Amino acid sequence: SQKIEQNSEALNIQEGKTATLTCNYTNYSPAYLQWYRQDPGRGPVFLLLIRENEKEKRKERLKVTFDTTLKQSLFHITASQPADSATYLCALVGGFKTIFGAGTRLFVKA
Amino acid sequence: ETGVTQTPRHLVMGMTNKKSLKCEQHLGHNAMYWYKQSAKKPLELMFVYSLEERVENNSVPSRFSPECPNSSHLFLHLHTLQPEDSALYLCASSQARGGSYEQYFGPGTRLTVT
């Protein structure tokens, strides 16, 4: 069965540094990979998607890479701010069936 | 505001009650989803409707019954639930078939079964 792994440990970084979150998957060949942000008690918010034929995507301070050989995506937040503290979810998309990872909790300390 | 609303935001119900969760999307999307999110677990896809037709049903117990009367509204009818059904229930919508299936979520209904 398909499996997605994200860092289960929370990631603590200092303000201004780059946060890097990892998403690994097995037994799947997704057409797209998406990243979402979720704050406590709220629904996830879509951030970025990357297609299977793309290596890298950027949006403001966010950067996503996608290595279909390694079956891995990296999500970077540059110049991190305390407001970036949240849980970040990766999701594999194959048509209507989207499979989410459990998420990585990020804490950015001022 | 995400354009997807859910009511109620909080619900406490006994195991013998019947209740319904409501979701409405104002984004003009053609697909709607129900997810269950339990503590420290990934979102679990429950049901997907596209153009008011159910296209995914992920082995969900029959005590959960979805209804999609039109492309803007989605309901989840609940009856004889178990305590392990306590969770955050999230509704989402997306533009499918030609879109990238990016989903827009509502704020969720926090359900507690006593």
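We name chains A, B, ... by the order of the sequence lines, and we start the count at 1 in each one. Remember, it's a predicted structure, so these values are computed and weren't measured experimentally.
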Atom [atom1] of residue position [X] - does it have more than 12 heavy atoms of other residues, nucleotides or ligands inside 6.0 Å?
X: Glu84(B); atom1: CD; result: yes
X: Gln82(B); atom1: CD; result: yes
X: Gln14(A); atom1: CD; result: yes
X: Lys19(B); atom1: NZ; result: no

Determine, using the 4.5 Å side-chain heavy-atom cutoff (strictly less than), whether Leu74(B) and Leu11(B) are members of one ILVMFWY cluster. yes

Note, Glu102(B) side chain near Tyr32(A) side chain (heavy atom, < 4.5 Å): no

Could you tell me whether the side chain of Pro44(A) reaches within less than 4.5 Å of the side chain of Leu90(B), counting heavy atoms only? yes

Proximal component of Leu43(B), with respect to chain A [non-hydrogen, under 4.5 Å]: both

On the 0 to 90° scale, with breaks at 30° and 60°, tag the Phe105(B)-Phe100(A) ring pair as parallel, tilted or perpendicular. perpendicular

Gln37(B) vs Gln38(A), side chain to side chain donor-acceptor pair (under 3.5 Å): CA-CA, chis, key distance, verdict: CA-CA 12 Å; Gln37(B) 188 175 37; Gln38(A) 187 173 23; 2.9 Å; yes

Among Lys41(B), Gln103(B), Glu44(B), Arg110(B), single out the residue with the greatest number of heavy-atom pairs under 4.5 Å to chain A. Gln103(B)

